[in-house]
Structure formats: structure tokens, C-alpha cells
Amino acid sequence: MNDPIDIDYLRQWVGRSETREQYLDPFPARALAGLLDRADVPGEGDALPLPWHWLYFLDAPSREGTGADGHPKRGGFLPPVPLPRRMWAAGELTVHEPLRLGRVARKTSTVRSVEFKQGKAGALVFVVVAHELEQGGQPRISEMQHIVYREAPAAPAPLPPGEPAPAGADWSRTVSPDPVMLFRFSALTYNGHRIHYDRDYATREEFYPALVVHGPLLATLLLDFLEREGGATTPPAHFSFRAQRPAFDTEPLGLFGRGEAAGTALWTADAAGMVGMTASARYR
């Protein structure tokens with residue numbers, strides 16, 4: 001790490017807010033339905049499945065405003081954390097009513113907290129952002145996004161020890177997150193981070209063993225899996241997820257679910273049986 005962490009300076013971003021309005025064009029939803037091999041394609045006036053609102057209200061930085069890793073350069077709405085690796089590590093979503101395609105919606109984002117921690121692998125900065133989405137003057141989705149910034153390794157290193165996947169899944173499915181899927185999801189979410197599509201960069205600069213599957217794509221796959229396999233007649237009213245271990249394009253990915261008293265437990269597992277992401281869904 002080249003720059004010290006001035007956490008008091010970064011905390012000046014707490015409370016910063018921005019609001020965007022956007023017409024929810026059906027095309028991004030139609031394109032994601034294709035990526036997921038869904039026969040039911042939402043159109044004008046239909047409810048937008050969870051968490052497909054991630055296809056909207058996107059940043060569109062210029063080439064000059066984009067860093068060498070493909071992320072927007074530091075600063076602006078988010079604090080300029082001087083750590084090279086950034087990941088969307090966890091999130092919670094509460095659905096009041098679904099968003100509808102073909103209508104204008106509004107999203108207000110606010111930086112809630114900025115915290116510093118010294119971990120085993122070096123410095124970590126945690127940023128929490130709250131998002132409130134509304135349509136027709138009514139609240140639709142409340143979301144908390146947890147972003148983690150950390151140092152990059154100076155040389156290749158083994159992945160941290162994983163947690164074995166739990167037994168006793170009620171449903172399971174295997175998907176292959178190949179480079180075409182990763183590229184298409186990057187395009188749909190305007191995510192320029194090169195670890196998802198530039199293999200040379202991912203392996204030689206950030207020392208990953210292969211292309212990295214997006215955390216939001218894993219959460220999207222789990223919710224799509226839940227809708228198809230879980231047997232629920234209504235979408236979840238609350239969904240939370242946490243990334244534990246990266247997934248890569250070179251091996252199949254297992255999706256698993258289990259019904260519980262409070263809702264549904266979900267997780268992904270790699271070919272070695274290690275958990276990648278855990279999630280839970282609850283219903284009204």
C-alpha cells in the first residue's frame with residue numbers, strides 16, 4: 001500500500017447523498033432474461049424481478065475517469081479509499097412493492113458509514129451505502145450495500161481456507177459461469193472491472209487463478225434459482241447475501257437451497273465443496 005489510511009478524512013463522506021431518476025427500459029431486463037436462459041421475459045408494465053434493479057441507475061464514467069483496473073477512479077460520491085481492491089461483499093434488500101418496467105423510478109443513495117480495520121491480510125476499509133428506490137412517489141426497495149476495500153497481494157498466494165458447504169439441501173443446480181456469461185453481465189451492469197473479462201489482467205496483475213465471477217451475479221443466480229426451484233408463489237420480501245470466497249470461470253458452480261422456518265437458506269459451492277456465497281430469503 002502506497003498511501004496511509006486517513007480514516008477521519010474518509011469519514012467526511014458519511015452522509016453524502018445523490019439522487020437519480022431513470023425510465024426503466026424493458027431491454028436490460030430482456031437481456032438478463034436471456035443470460036439466465038429464462039423463458040418468461042418481463043416486459044412493459046411487468047414487475048421487475050429481484051435484484052434486477054442492479055441493471056439500472058448505473059455510473060457511466062468516461063475513459064479518462066476510469067482507473068487501470070477498469071473501476072471508476074477514486075473520489076466523487078464514494079470516498080477515495082487508497083486501497084486497490086474493491087468488492088461488493090454483502091447486501092440486504094427489503095421489497096415494499098416491486099418496481100415496474102416502462103415507468104420512471106427514482107433512486108437515492110447515501111453513504112452511511114466508513115470504517116477502518118487491520119486484518120490478517122492488511123488494511124481494510126468498509127463502506128456502507130443505503131439505497132432507497134421509489135416509483136410513483138411510493139417506496140419500492142430499501143437496500144444496504146457493503147463495500148470492502150483492501151490491499152492487493154504483491155505475488156500469487158493461495159486462496160484462504162474455505163468453509164465446507166452444508167449438507168441437506170432441498171434443491172440444487174449446477175451452472176457454468178463461462179467467460180461469455182461474465183462478459184454479458186459486465187456489459188449489462190456497466191462494470192468495467194477487468195478481473196471479470198480480462199484473463200491476463202486477472203491472473204498477472206491481481207493474481208487470481210482465473211476470471212472472477214461477480215458477487216452481484218452470484219446473488220442474481222441464487223435468486224433466479226430460488227424462483228425456479230424453491231416453490232414459493234411470491235417473491236421474497238427480504239433478501240440478504242454475503243460473499244465468503246471467490247468463484248471462477250474455470251469450474252462449475254453449485255447452487256443450493258434449503259427451506260427453513262424463517263424462510264430459505266441459499267448458498268453456492270465450488271468444485272471442492274467450499275462455500276462461495278451464503279444468502280437468506282424471507283417472505284411476508
*Can you establish whether the number of heavy atoms outside Phe27 located under 6.0 Å from its atom CZ is more than 12?*
no

*Would you check if Thr268 and Phe256 make a side-chain contact, meaning some heavy-atom pair closer than 4.5 Å?*
no

*Is there a side-chain contact between Val125 and Pro79 (heavy atoms, below 4.5 Å)?*
no

*Quick one: are Ile141 and Leu50 in side-chain contact, heavy atoms under 4.5 Å?*
yes

*Just do the side chain to side chain donor-acceptor pair (under 3.5 Å) check on Arg140 and Gln138 with the steps written out, would you?*
CA-CA 6 Å; Arg140 301 289 178 165; Gln138 299 298 318; over 6 Å; no

*Which heavy atom in Ala210 sits nearest to a heavy atom in Thr203, and how many Å separate them?*
N-CG2, 4.0 Å

*So which heavy atom on Val275 is nearest to which on Ala165, and how close?*
CG2-CA, 3.4 Å

*Can you tell me how far CD of Glu229 sits from CG of Leu222, rounded to the nearest 0.5 angstrom?*
12.0 Å

_So for atom CZ, which belongs to Arg204, do other residues, nucleotides or ligands contribute more than 12 heavy atoms lying within a distance under 6.0 Å?_
no

*Would a 4.5 Å heavy-atom cut-off, applied to side chains only, mark Val95 and Pro236 as touching?*
no

*asked:* Under the criterion side chain to side chain donor-acceptor pair (under 3.5 Å), I'd like the reasoning laid out for Thr108 against Glu132: C-alpha separation, chi angles, the key distance, then a yes or no.
replied: CA-CA 5 Å; Thr108 300; Glu132 296 292 337; over 6 Å; no

_Derivation and outcome, side chain to side chain donor-acceptor pair (under 3.5 Å), residues Ser240 and Ser280_ = CA-CA 5 Å; Ser240 62; Ser280 67; 3.0 Å; yes

*Within the side chain of Arg199, is there an N or O that forms a donor-acceptor pair under 3.5 Å with the backbone of Pro179?*
no

_Polar side-chain atom of Thr264 near backbone of Gly259 as donor-acceptor pair, under 3.5 Å_ = no

*Does some side-chain heavy atom of Val127 sit less than 4.5 Å from a side-chain heavy atom of His146?*
no

*Taking all heavy atoms of Phe185 and all of Pro216, pick out the closest pair and write down the distance.*
CZ-C, 3.9 Å

_For Ala262 versus Arg282, what's the shortest heavy-atom pair and its separation?_
O-CG, 3.3 Å

*Less than 4.0 Å between a side-chain N and a carboxylate O, is that true for Glu115 and Lys117?*
no

*Check the surroundings of atom CZ in Phe183: do more than 12 heavy atoms from other residues, nucleotides or ligands lie under 6.0 Å from it?*
no

*Does Asp200 come within less than 4.0 Å of Arg194, counting only side-chain N to carboxylate O?*
no

*Just how far is it from atom OG1 of Thr278 to atom CZ of Arg245, taken to the nearest 0.5 Å?*
14.0 Å

_Quick check: do Trp88 and Trp54 have side-chain heavy atoms less than 4.5 Å from each other?_
yes

*Between Arg20 and Asp59, is there a side-chain N and carboxylate O pair less than 4.0 Å apart?*
yes

_Donor-acceptor pair, distance only, cut-off 3.5 Å: does the side chain of Asp46 make one with the backbone of Gly43?_
yes

*Parallel, tilted or perpendicular: which fits the ring planes of His196 and His214, with parallel below 30° and perpendicular above 60°?*
parallel

*Do Phe116 and Val111 sit in the same hydrophobic cluster, where Ile, Leu, Val, Met, Phe, Trp and Tyr count as joined when their side-chain heavy atoms come under 4.5 Å apart?*
yes

*Enter the distance from Arg11:CZ to Ser113:OG here, rounded to the nearest 0.5 Å.*
9.0 Å

*Okay, side chain of Asp249, backbone of Leu211: is any donor-acceptor separation there less than 3.5 Å?*
yes

*Check step by step if salt bridge (Lys or Arg N to Asp or Glu O under 4.0 Å) holds for Glu18 and Arg16.*
CA-CA 7 Å; Glu18 66 176 16; Arg16 292 198 181 192; over 6 Å; no

*In sequence, state the C-alpha distance, the side-chain angles, and the governing distance for Ile147 and Gln145, and then conclude on side-chain contact (heavy atoms from CB on, under 4.5 Å).*
CA-CA 6 Å; Ile147 305 169; Gln145 178 183 10; 3.9 Å; yes

*Atom CG in Leu58, atom CG in Leu188: separation rounded to 0.5 Å?*
9.0 Å

*Would you check, one step at a time, whether the test salt bridge (Lys or Arg N to Asp or Glu O under 4.0 Å) holds for Asp224 with Arg173?*
CA-CA 11 Å; Asp224 178 69; Arg173 182 182 175 195; 3.5 Å; yes

*Please answer: with hydrophobic residues joined when any side-chain heavy atoms are less than 4.5 Å apart, are Val129 and Val14 in the same cluster?*
yes

*Tell me, with the steps shown, if Phe239 and Thr94 meet side-chain contact (heavy atoms from CB on, under 4.5 Å).*
CA-CA 7 Å; Phe239 176 72; Thr94 299; over 6 Å; no

*Are Leu223 and Met144 connected in the hydrophobic side-chain network, where two residues link if heavy atoms are under 4.5 Å apart?*
no

*Could you check Leu182 against Tyr197 for side-chain contact (heavy atoms from CB on, under 4.5 Å), going step by step and ending with a plain yes or no?*
CA-CA 7 Å; Leu182 303 192; Tyr197 60 87; 6.0 Å; no

*Side-chain donor-acceptor pair under 3.5 Å between His71 and Thr66, yes or no?*
no

*What pairs of residues pass the salt bridge (Lys or Arg N to Asp or Glu O under 4.0 Å) test when at least one of them lies in residues 83-103, not counting sequence neighbours?*
Arg85-Glu206

*Looking at Arg106 and Glu21, does any basic side-chain N land under 4.0 Å from a carboxylate oxygen?*
yes

*Which pair of non-hydrogen atoms, one from Pro84 and one from Asp69, has the smallest distance, and what is that distance?*
O-OD2, 3.8 Å

*Between Asp25 and Leu101, what is the shortest heavy-atom contact and its length?*
O-CD2, 4.0 Å

*asked:* Working to the nearest 0.5 angstrom, can you tell me the gap between Phe248 CZ and Leu159 CG?
replied: 4.5 Å

_side chain to side chain donor-acceptor pair (under 3.5 Å), paired with His53, selected from Glu143, His131, Lys107_ = Glu143

*In the single-linkage hydrophobic clustering (I, L, V, M, F, W, Y; side-chain heavy atoms under 4.5 Å), do Leu221 and Leu55 co-cluster?*
yes

*Are the side chain of Tyr56 and the backbone of Thr189 linked by a donor-acceptor contact shorter than 3.5 Å?*
no

*Hey, quick one: are Trp52 and Leu218 part of the same hydrophobic cluster, counting side-chain heavy atoms closer than 4.5 Å, chains of contacts allowed?*
yes

*Is the CZ atom of Arg228 crowded by more than 12 outside heavy atoms at less than 6.0 Å?*
yes

_Test side-chain contact (heavy atoms from CB on, under 4.5 Å) on Phe57 and Leu24; report intermediate values, then the result._
CA-CA 9 Å; Phe57 309 102; Leu24 301 188; 4.3 Å; yes

_4.5 Å side-chain heavy-atom contact, Glu151 and Leu83_ = yes

*asked:* Contact between Leu124 and Gln118 at the side-chain level, heavy atoms closer than 4.5 Å - yes or no?
replied: no

*Can you measure from NE2 (His193) to CG (Asp198) and round to the nearest 0.5 angstrom?*
10.0 Å

